There are 2 protein chains.
Amino acid sequence: MFLQVGDLAKATGKTVRAIHLYEELGLLRAHERSKGRYRLFTEEALVRVRWIAKLQNLGLSLSEIQELVREQEASGSAVFAATRLRELYRAKLEATRRKIAELRALEAELEESLSFLSACNTACEPALPVHSCPTCERHPERPNAPELVVGAHVSS
Amino acid sequence: MFLQVGDLAKATGKTVRAIHLYEELGLLRAHERSKGRYRLFTEEALVRVRWIAKLQNLGLSLSEIQELVREQEASGSAVFAATRLRELYRAKLEATRRKIAELRALEAELEESLSFLSACNTACEPALPVHSCPTCERHPERPNAPELVVGAHVSS
DNA sequence: CGTAACCCTGACGCATGCGTTAGGGTGAGG
DNA sequence: CCTCACCCTAACGCATGCGTCAGGGTTACG
């Protein structure tokens, strides 16, 4: 019927310690306790823990989540609470889009670097030492190496 | 001619302290020192610091970068070094793609949640308290609220 | 030569998000 | 009644990536 803390942990992929922490921070409450003070959670707790995890993925720290929870609980009006939530989510949507763009740029750089490096295995003289890379002439398609490759060779 | 540590910091968006740290960790070396022991960097250091930043964005910790640098410097053969670099970048490319997929899912959830929440401002009775949300009937398009919305309301 | 703006080394501080240990109770099956 | 797996609270520990003094030189400009 109820979930013990270990069940909740398994179901969410978090550890028991993490769930305890969330409760300490006020992000989560057990529905009730057993005679022996065991925490007993309902399935709503599952939703809550997953929600916390998503917010963490969105880049919120636990104390920011704490703030949010307090705000939501304190705001009497549902409309007001919804408005605050929207503001937060709108900001996070923009941030997420920026992050995606950044990662896409990195993805492209990785792809370029991989194709550049693949030539090293076929065209390079096996005995050449690393420090000869900067003067390498064997990349006709891409005379100036990608930053991810150059960066690995500079020792200043 | 040369860059002082402050110039390098400004040019890369890092702090002086960060650059000192990178040098302590062996990720970076000053080309030389002035009479008064000032670090003097060439423009290669710029490339190097940007490279470090990119690797950090790819999710590498400074000690992992340290490992990588040691490996690259220690490997005599350029081909071997390139191979290691490729392995790393391939793995990071996959991880980056997974991360992008994850963020896109979050993006979609945020969009859904925002459209759901926008109805709250128009259809909700302004005086209703937050705890009445779970029984709200005013979202005909989306009877079951998105997890990002439900999660904010469960208090268990 | 003065002085403002930098730079040096060394070292302790800090916020985050749990991990881990300690010492002890609880609950369900056999 | 035993036992084993699980739970409790309290509290210290830790890795990361710098921030921030402290105490003292160095440079460039005028």
Side-chain angles (χ1 to χ4, degrees), chain A residues 1-42 45-46 48-70 92 95 156, chain B residues 1-42 45-46 48-70 92 95 156:
Chain A
M1 178 63 204
F2 286 120
L3 297 165
Q4 290 192 169
V5 67
D7 303 328
L8 182 56
K10 270 173 208 156
T12 57
K14 297 284 179 179
T15 63
V16 170
R17 175 68 179 106
I19 292 180
H20 283 169
L21 178 61
Y22 300 159
E23 191 182 328
E24 282 170 36
L25 296 178
L27 312 185
L28 186 64
R29 275 195 295 278
H31 179 260
E32 60 181 59
R33 296 286 187 120
S34 74
K35 287 188 320 187
R37 308 184 34 78
Y38 282 26
R39 271 164 265 255
L40 299 176
F41 297 94
T42 68
L46 271 173
R48 187 67 161 205
V49 174
R50 291 194 191 116
W51 178 70
I52 294 170
K54 281 174 197 222
L55 294 182
Q56 284 186 301
N57 266 323
L58 287 173
L60 282 87
S61 67
L62 291 185
S63 37
E64 288 171 318
I65 300 177
Q66 207 176 15
E67 252 305 300
L68 173 61
V69 167
R70 272 199 287 259
K92 286 305 168 184
S156 299
Chain B
M1 179 63 205
F2 286 120
L3 297 165
Q4 289 191 171
V5 66
D7 303 327
L8 183 56
K10 269 172 210 157
T12 57
K14 297 286 179 177
T15 63
V16 170
R17 176 66 179 106
I19 293 180
H20 283 167
L21 178 62
Y22 300 159
E23 191 183 329
E24 282 170 35
L25 296 178
L27 312 184
L28 186 64
R29 275 195 296 278
H31 179 260
E32 59 180 59
R33 296 287 186 116
S34 76
K35 288 186 321 184
R37 309 184 35 76
Y38 282 25
R39 272 164 263 255
L40 299 175
F41 297 94
T42 68
L46 270 173
R48 186 68 162 207
V49 174
R50 292 195 189 116
W51 177 71
I52 293 171
K54 283 174 196 220
L55 294 183
Q56 284 186 300
N57 266 323
L58 287 173
L60 281 88
S61 67
L62 291 185
S63 36
E64 288 171 317
I65 301 178
Q66 207 175 16
E67 252 305 300
L68 174 60
V69 167
R70 271 199 288 259
K92 286 304 168 185
S156 297

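Predicted model only: the values in this text are computed from it and were never measured. Numbers restart at 1 for each chain; the letters A, B, ... are given by sequence-line order, proteins then strands.
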Handout entry: Under 4.0 angstrom between A/Ser34 side-chain N/O and D/dC7 OP1 or OP2
Key = no
Completion exercise
Among the nucleotides C/dG25, C/dC18, D/dC8, whichever has the atom closest to the side chain of A/Arg37 is D/dC8
Problem - Phosphate OP1/OP2 of C/dC7: any B/Gln4 side-chain N/O under 4.0 Å - result: yes
Problem - Short side-chain N/O contact to D/dG17 OP1/OP2 from B/Tyr22, under 4.0 Å - result: no
Exercise for the section: Check the distance between D/dG17's P and B/Lys14's NZ and give it to me in whole angstrom. Expected result: 10 Å
Completion exercise
Testing C/dT26, D/dC18, C/dT20 for proximity to the side chain of B/Leu62, the answer is D/dC18
Exercise for the section: For A/Asp7 and C/dA28, give me the distance from atom CG to atom C1', rounded to whole Å. Expected result: 14 Å
Handout entry: Beyond-backbone contact of B/Met1 with B/Thr42, side-chain heavy atoms, under 4.5 angstrom
Key = no
Problem - pair A/Leu28-A/Val49: side-chain heavy atoms closer than 4.5 Å - result: yes
Handout entry: Residue A/Arg33, side-chain atoms from C-beta onward, closest of D/dT9, D/dG19, D/dG17
Key = D/dT9
Practice task
Hey, could you give me the CG/CZ distance between B/Asp7 and B/Phe41, rounded to the nearest 0.5 Å?
Solution key: 10.0 Å
Completion exercise
Comparing B/Lys10 with A/Ser61, nearest DNA chain C nucleotide closer to 5' gives the residue B/Lys10
Handout entry: Integer-rounded Å distance: D/dC18 P and B/Glu24 CD
Key = 12 Å
Problem - Side-chain ion pair, B/Arg70 and B/Glu64, N-O less than 4.0 Å - result: no
Practice task
State whether B/Glu32 and B/Arg39 are salt-bridged, where the test is any N-O pair (Lys NZ or Arg NE/NH1/NH2 against Asp/Glu carboxylate O) under 4.0 Å.
Solution key: no
Practice task
Measure from CD1 on A/Ile52 to P on C/dC18 and round the result to the nearest Å.
Solution key: 10 Å
Exercise for the section: Choose from D/dC8, D/dG17, C/dC12 the nucleotide whose nearest atom is closest to any side-chain atom of B/Arg17. Expected result: C/dC12
Problem - Under-4.0 Å side-chain N/O to phosphate OP1/OP2 contact, B/His20 with D/dC18 - result: no
Handout entry: Nearest listed nucleotide, side chain of B/Ser63, among D/dT16, C/dC8, C/dC18
Key = D/dT16
Completion exercise
CG (A/Leu58) and CD1 (A/Ile65) are apart, to the nearest 0.5 Å, by 9.0 Å
Practice task
Output yes when at least one side-chain N/O atom of B/Gln56 is less than 4.0 Å from OP1 or OP2 of D/dC18, else no.
Solution key: yes
Handout entry: Whole-Å gap separating P (C/dG27) and CG (A/Leu3)
Key = 17 Å
Exercise for the section: Write down the distance between NZ (B/Lys35) and P (C/dC7), rounded to a whole number of angstrom. Expected result: 17 Å
Handout entry: Polar side-chain contact A/Tyr38-C/dG25 base: donor and acceptor under 3.5 Å
Key = yes
Practice task
To the nearest Å, give me how far apart CD1 (B/Ile19) and P (D/dG17) are.
Solution key: 16 Å
Problem - Length of the line joining B/Leu27:CG and D/dG17:P, which is rounded to integer Å - result: 10 Å
Fill in the blank from the handout: Ranking C/dC18, C/dC7, D/dT16 by distance to the side chain of B/Val16, first place goes to C/dC7
